[in-house]
Asks: 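This is the structure, below, for whatever I ask next.
Here the structure is a predicted model, which means the values were calculated and not measured. Below, chains carry the letters A, B, ... as their sequence lines are ordered, and counting in each starts from 1.
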Amino acid sequence: MHRPGMVSIWFFVGILLLAYGVLITASGLYELVSPPARPVVLGELHAGIWWGAVLLVLGAVYTYRFSPRRQK
Amino acid sequence: MSIHLIALSLGDAPVPTRLLALAPVDMIIIALYFAMVLGIGFYLKRYTKTGDDFFLAGREMTAWVAGLSFLAANLGALELMGWAAAAYQYGILATHWYWIGAIPAMLFLGIVMMPFYYISKTHSVPGYLKLRFGEPSRVLSAVSFGFMTVLMSGINMYSMALVMKVVLGWDINFSIWVSSITVAVYVCLGGLLSAIFNEVLQFVLIWMGALLISIIGLIETGGWSGMVARIHTNFPGGDYTHLWRTMGSFTDNPMGIHWTGIVLGLGAVISFGYWTTDFLVVQRVLAAKDLRAAKLAPIIGAGFKMMVPFIVILPGLLGLALLQPKLMGEAQAVATGGHSYNEVLPLMLARYCGPGLLGLGVTALIAGFMSGMAGNVSAFATVWTYDIYKALIRKDATDAHYVSMGRWCTILGVLVSIGTAYLVMQFLSIMDYVQALFSFFIAPLFGTVVLGMLWKRCSPAGGFWGLLAGTLSSIGMWAWVKLDPAALKYIALSSNARDMAENMYRALWSWIVCVLVTVAVSLVTKPKPESELNNLVYGCTDIPGEGHLPMHQRPMFWAVVVGLCFVVLNVIFW
């Protein structure tokens, strides 16, 4: 799957995870400062923040590692 | 797919309320997903020019990409929700469909069968039958596969739209058209290449969206032992957490099945039939860049398949431990306004996931649905174009013409699937019939292919008549039980057997009929000369050795590792 110039699938995966990481982390932080009226079970774990951070880090690593610029 | 999918029979009763409510950030997450899959399709169109590009992704996939795609094509949304529901209903027994019902077959495909598929340079499973047994076997297999694939795709589409209606309150027509048009666009543009790219993306999203439920659920129950203790408290007397201990009798377990049905029917016949001959999944491995990658891909898929219960079965078990009031059967849920087994996964999603995470979870469900549908339509397009259109209608057209036919066929396949979805909406019982129909072809086809690969004496007439006899015997057994339910004790060896047990035994008998007829007819008819069996049959094929490779690069080494893990897991959860 390495045709000249073709962007790796892992780059697309990275981009989407990165975007999701930003959105979910931001959403989790917002809930931290402005708690919802009906929190989810174990809401005190703030899963949005740390799961979002996991996605963000994974996404950043994949985006960097498989970026078209580095592949050239 | 009938062996891996428990159809969500949510019924056509009015749905009182939706289970989940999405926030704007969730909608953005879902919209981003649709934009990405369509963008990938448009991007890859420039790389999809030849027939090999469109139908076999240029045969350039690495083992990892082919392996993940191989698994993702099977990991549909209904698979996620259906087996989570089954886990709530039957406990850990549902895991059999992921372990003994998949792992041995996937390893067998990688180590034993893949060399013949790959070296023969076939573009499809019916194509292999043509090379090995001749045109009649190919046509029988191709027509049945094409017909059943689009019908199954339509049924899955309808079920998914129904799920979206129940879970999110979305209009059924909206769900059907938006998701199917998206799949049609990206498969039509980039063919198998686009389908595989998106399947890898979808695989990652499914894991990221579903894994969190298991992690937080285990935190809430205090780990595995805490979960088991809660299940025992909630359901005293029931054994929901042992894989094999209750399989000594049909009446000792909630599935109504005996271990022989699981081992011989599911483990030895149905799973081998599905994982080694269903072109929907095999097509992904045929796209591998070389033989080593083709052998490794199903082994990598098996490694991940072993872990899927962590995101599918475990949420069902956690539901048993945590959800109050208890979930119930569909009919009772409709009558009382309660929640049914089928809703366990969305209920767990709603329990733990706030804005953002909820969008990710719903995206995982949508991604699962779309990966399954893309698998169906891309396999259908290939079989139709190469094994029906090219074989029977127009043999000598240009490569560009066949690519164009593949694109049109993708659209046609999606439209027929949509039509089926609306047909099912009007006549719900079709769902049961078509799922049964699909299972008719799986077990006998495995008998035909495996004999063809491993036995030189197997003749073209033996292959065709064995396949036909196995299929007809399966249909006959199914019809017999439908007309006379007392026949169940002959087919499934017990009148206490339930639907799943009946499927297991019917598959086993039809496989045996196929093998016996194939052997008998082969012994009295003329086999192909050995010169025509090169690269098709064991003993006539020069399979490249792996002795020069370091241990960690050998497919056999990883097959042994995965096999050992499989044994250990079964012992741990015995």
Asks: How about B/Tyr118: does its OH atom have over 12 heavy atoms from other parts shown lying under 6.0 Å from it?
Replies: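 Yes.
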
Asks: Is the count of non-hydrogen atoms from other residues, nucleotides or ligands lying under 6.0 Å from B/Trp207 atom CH2 greater than 12?
Replies: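 Check passes, neighbour count above 12.
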
Asks: Are A/Trp50 and B/Leu212 side-chain neighbours, meaning at least one heavy-atom pair lies under 4.5 Å?
Replies: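 Answer yes - side chains close enough.
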
Asks: Heavy-atom cut-off 4.5 Å, strictly under: side chain, backbone, both or neither for B/Met36 against chain A?
Replies: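 Just the side chain, heavy atoms under 4.5 Å.
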
Asks: Do you know which of B/Ile40, B/Ile215, B/Asn198, B/Thr363 has the most heavy-atom pairs under 4.5 Å to chain A?
Replies: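 It is B/Ile40.
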
Asks: Given that the side chain runs from C-beta out, which part of B/Ala35 has a heavy atom under 4.5 Å from chain A: side chain, backbone, both or neither?
Replies: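 For B/Ala35, no heavy atom lies under 4.5 Å from chain A.
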
Asks: Rounded to the nearest 0.5 Å, how far does CE of A/Met6 lie from CZ of B/Arg46?
Replies: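 Spacing of CZ (B/Arg46) from CE (A/Met6) equals 9.5 Å.
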
Asks: Taking atom CZ of B/Phe34 as the centre, report whether more than 12 heavy atoms of other residues, nucleotides or ligands fall under 6.0 Å from it.
Replies: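 Yes, the 6.0 Å shell around CZ holds more than 12 heavy atoms from other groups.
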
Asks: Dump the intermediate steps for side-chain contact (heavy atoms from CB on, under 4.5 Å) on A/Leu42 and B/Arg351, then the final yes or no.
Replies: CA-CA 9 Å; A/Leu42 293 184; B/Arg351 184 179 181 88; over 6 Å; no

Asks: Indicate the atoms forming the closest heavy-atom contact of A/Glu31 with B/Gly354, along with that distance.
Replies: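 Result for this residue pair: OE2-CA, 4.5 Å.
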
Asks: Does any heavy atom of chain A fall under 4.5 Å from the side chain of B/Tyr33, the backbone, both, or neither of them?
Replies: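 B/Tyr33 touches chain A through backbone and side-chain heavy atoms alike.
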
Asks: For residues B/Gly356 and A/Ser27, report the shortest heavy-atom separation together with the two atoms involved.
Replies: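 Heavy-atom minimum between the residues: N-OG, 4.2 Å.
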
Asks: Any side-chain heavy atom of B/Leu358 within less than 4.5 Å of one from A/Val40?
Replies: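 Sidechains of A/Val40 and B/Leu358: no contact.
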
Asks: Measure B/Ala350 against the heavy atoms of chain A and call it side chain, backbone, both or neither at under 4.5 Å.
Replies: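 For B/Ala350, the contact with chain A is made by the backbone alone.
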
Asks: Check the pair A/Ile9 / B/Ile196 against side-chain contact (heavy atoms from CB on, under 4.5 Å), numbers first and verdict last.
Replies: CA-CA 9 Å; A/Ile9 172 59; B/Ile196 287 179; over 6 Å; no

Asks: Counting only heavy atoms closer than 4.5 Å, note whether A/Tyr20 contacts chain B via side chain, backbone, both or neither.
Replies: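 Side chain only.
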
Asks: Are any of the side-chain heavy atoms of B/Leu360 and A/Leu55 separated by less than 4.5 Å?
Replies: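 Side-chain contact under 4.5 Å: yes.
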
Asks: Run B/Tyr352 and A/Leu45 through side-chain contact (heavy atoms from CB on, under 4.5 Å) and show every step you take.
Replies: CA-CA 10 Å; B/Tyr352 297 129; A/Leu45 293 177; over 6 Å; no

Asks: A side-chain contact here means heavy atoms from C-beta on lying under 4.5 Å apart; do A/Phe12 and B/Val200 qualify?
Replies: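 Sidechains of B/Val200 and A/Phe12: no contact.
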
Asks: Which heavy atom of B/Ile29 sits nearest a heavy atom of A/Leu23, and at what distance?
Replies: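 Smallest heavy-atom distance, with atoms named: CG1-CD1, 3.9 Å.
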
Asks: Does A/Leu16 form a side-chain contact (heavy atoms from CB on, under 4.5 Å) with B/Leu205? I'd like the steps, not just the answer.
Replies: CA-CA 9 Å; A/Leu16 197 61; B/Leu205 292 180; 3.8 Å; yes

Asks: Ignoring hydrogens and geometry, is there a side-chain-to-backbone donor-acceptor pair from A/Trp51 to B/Gly209 under 3.5 Å?
Replies: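 Absent.
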
